[in-house]
Each structure stands twice: as C-alpha cells, then as structure tokens.
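Here's the structure, in structure tokens; my notes come after.
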Amino acid sequence: MTALITGASGGLGEEFARLFANDGYNLILVARRKEKLNELKTELESSHKICVHVFEKDLSKEDAATGLFSLVQSQNLSVDVLVNNAGFGDWGFFAESNLEKQNQMIHLNILTLTELTRLFLPQMIEQKSGRILNVASIASFMPGAKMSVYYASKAFVRSFSEALSVEVKNSGVTVTALCPGPVSTDFWNTADAKKSSIFKNLIFADSKFVARYGYKKLMKGKVLALPGFSTKLFAFLTKILSRRFVRNLVYKIQK
C-alpha cells in the first residue's frame, strides 16, 4: 500500500508521513524542500521496512499536478491513499495584498488539490479501493476578513470533499475533509500573520494531535473530521448564528 502526501516536509504533512509509515505504508512525499524530504526519507526507511519516494515539487506552479502525476506513473507507482495537505494562507487586507501570492494560493489550495484528486481517483475507483484526505480548515465554515482568499479556498475544499464523498459512495473509495482550527506549524510564518490578534484570542492545537485525529477519521471513512471540542463548537455556532455576526466576529478575532 502506498500513500502520497503533499506538503510533507513539515507540519501536518510530516506527521501524516510518520503515521502512515507506522502502519507499514510505502510513501510518496512531495514538497519544495528536498533536503527536509530526504531527511524524513532516511529516518522513515531506517526505522520502518518501507520504501519512500521523494519528489521536489512546487505545487503552486502551472501544470504542477499533471507533472507530479506523470512522475508517479513513470515509476510505475500506484497510489492507494492521497493526502492533499499542501496549502498556505496570507494575512492582511485583500486590497493591499500581493496579487501573485493570492493567485499562487488559489492555485495550490484549490486547483492543484482538484487536479490531483481527478488524476488519481479513477484508478482508485477501478480497483474499488482508496482513500482521499483533503486538508481543509475550520475556516471553511465562515468568511474570514483579513484572510479572505484563504478562508474561501478552504470553503471550496470542504464543499468539494463533501460532494465527492457522495459521488464515490459504494465504490470502495472514501473522501475525508480534515477541518482543524489553528495548528502550531510554519503556516503562520508563511501567511505573515504574526501581527494578527488570532494569537491572543485562540489556542493553537498540536500538529501531532490533529494529524492523528485526521488519520483516524480517514481510516474510518468519515467525511468530516473536526479535531477538538472547540473546533466542533465553532462549526456548530456558524450554523445557528447570523452570517453578519459570524463574519464580524471572525474579523475581531484575527484583525
């Protein structure tokens, strides 16, 4: 069995790699930081009897998904589990944002995830077995001023995952959307969000806990995975509170 994990050089991606390795999965690890990937490859291959393939790839670039798929095909690798973990955010007012960075975010968070799913899903359906984990966010349940594009991109991921889970029902394939709250990873440095008041207002979850929770729900075939009581509560409140209240509350939390 082989699991392909994007964004595997750190954070949740690295933790997912360890979890799959512990269960004897061979791995295909994808990220921009080849040195980190090779370190992880050496560690996991030496501590587990598995094979780890490393692909250095910037998945925010044009045709990155098809390029990765071709690399996997060229090495005659079969993907049993696809973990679409790669993604990033950006903090600040949209009107003052870097447009190129917003476009790269949309490409990575939405287009690459969609393309990789489309490319690997048919084989899973054909073999009547497979699992897909798309890393969304609690942000997918609400609009997020000062991180507007990121929140919108995660709303796409959750909606897409939920719809796809119905389409593949009874096919042997499952689709899970992991929707954590803030997690202690390098995400916040990439998002330039250190000035955000979110650090004062919210408690950050441990990446190991979130990864273990997502892995458990993936293996059980659950559609939505919301780790932690506060995450579940926040998702529930977005359903019963007015949209006006929710959007203004989120802005106050992270302005």
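None of these values were measured; they are calculated from a predicted model.
Nearest approach of P180 to V210, heavy atoms of both residues: CB-CG1, 3.7 Å. When all heavy atoms are compared, the tightest approach of L178 to G214 is CD1-CA, 3.8 Å. In plain terms, the two heavy atoms of R131 and L218 that are nearest each other are NH1-O, 3.1 Å. The two residues M142 and I138 have their closest heavy-atom pair at CE-O, 3.1 Å. In terms of heavy-atom proximity, T176 sits nearest to A225 at CG2-CB, 4.3 Å. Scanning all heavy atoms of the two residues, the minimum distance from A86 to L59 falls at CB-CD1, 4.4 Å.
A ring-centre distance under 6.0 Å is found for Y215 and F20. Separation of the F69 and F120 ring centroids falls under the 6.0 Å cut-off.
Side-chain atoms of K41 come within 3.5 Å of backbone atoms of V52 as a donor-acceptor pair (strictly under, hydrogens ignored). Between the side chain of Q254 and the main chain of A145, a donor-acceptor pair closer than 3.5 Å is present. Judged by distance alone, the side chain of S140 and the main-chain N or O of R158 form no donor-acceptor pair under 3.5 Å. One N or O on the side chain of T112 and one on the backbone of H107 form a donor-acceptor pair closer than 3.5 Å. Judged by distance alone, the side chain of N26 and the main-chain N or O of I50 form no donor-acceptor pair under 3.5 Å. The backbone N or O of V135 sits less than 3.5 Å from a side-chain atom of K154, completing a donor-acceptor pair. Judged purely by atom type and a 3.5 angstrom limit, S171 uses its side chain to pair as donor or acceptor with the backbone of V173. For the pair S242 (side chain) and F245 (backbone), a donor-acceptor distance under 3.5 Å is present. Between the side chain of T231 and the main chain of P227, a donor-acceptor pair closer than 3.5 Å is present. When atom types are taken as modelled, the side chain of S159 and the backbone of F156 share no donor-acceptor pair closer than 3.5 angstrom.
More than 12 heavy atoms of other residues, nucleotides or ligands shown are found within 6.0 angstrom of CD on Q75. Residue-environment remark: CD (E126) stays at or below the threshold of 12 foreign heavy atoms within 6.0 Å. Residue K232 qualifies as enclosed at atom NZ: its count of foreign heavy atoms under 6.0 Å is above 12.
The side-chain tip of K146 does not point at the ring of Y251 from less than 6.0 angstrom away and within 45° of straight on.
Checking each of L82, D80, V81 against M124 for a side-chain contact (heavy atoms from CB on, under 4.5 Å) leaves exactly one that passes, namely L82. For the side-chain contact (heavy atoms from CB on, under 4.5 Å) with N98, the qualifying choice from E100, Q102, E96 is E100, the only one to do so.
Residues N85 and T6 have side chains that never bring a donor and an acceptor to within less than 3.5 angstrom of each other. Using modelled atom types, one finds a donor on one side chain and an acceptor on the other under 3.5 Å when comparing Q123 with S78.
By the rule that hydrophobic residues join a cluster once side-chain heavy atoms approach within less than 4.5 Å of another member, L12 and M219 end up as members of one cluster. Placement of I240 and I253 within a single hydrophobic cluster is found when ILVMFWY residues are connected by side-chain heavy-atom separations under 4.5 Å, directly or transitively. No path of Ile, Leu, Val, Met, Phe, Trp and Tyr side chains, each step under 4.5 Å between heavy atoms, connects L113 with L111, placing them in separate hydrophobic clusters. Both V175 and V223 belong to a single network of hydrophobic side chains, linked directly or stepwise wherever heavy atoms of I, L, V, M, F, W or Y lie under 4.5 Å apart. In the hydrophobic clustering of this structure, M147 does not group with L99; members are Ile, Leu, Val, Met, Phe, Trp, Tyr whose side-chain heavy atoms approach within less than 4.5 Å, directly or through other members.
Between Y213 and F209, the angle of the ring planes lies from 30° to 60°, which puts this pair in the tilted group.
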- request: Could you walk me through whether L19 and Y25 pass the side-chain contact (heavy atoms from CB on, under 4.5 Å) test, one step at a time?
  value: CA-CA 9 Å; L19 290 167; Y25 279 79; over 6 Å; no
message: side-chain contact (heavy atoms from CB on, under 4.5 Å), that's the test. Do F141 and L226 meet it? Break it down for me.
response: CA-CA 11 Å; F141 292 88; L226 287 84; 4.1 Å; yes
message: As a quick check of understanding, evaluate side-chain contact (heavy atoms from CB on, under 4.5 Å) for L40 and L29, giving each step before the final call.
response: CA-CA 9 Å; L40 188 57; L29 305 181; 3.8 Å; yes
message: Using side-chain contact (heavy atoms from CB on, under 4.5 Å), reason through V30 and I5 one step at a time and then give a plain yes or no.
response: CA-CA 6 Å; V30 186; I5 306 169; over 6 Å; no
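At a threshold of 4.5 Å between non-hydrogen side-chain atoms, the residues T174 and S165 do not count as touching.
Residue L37 holds its CG atom at 11.0 Å from OG1 of T42, rounded to the nearest 0.5 Å.
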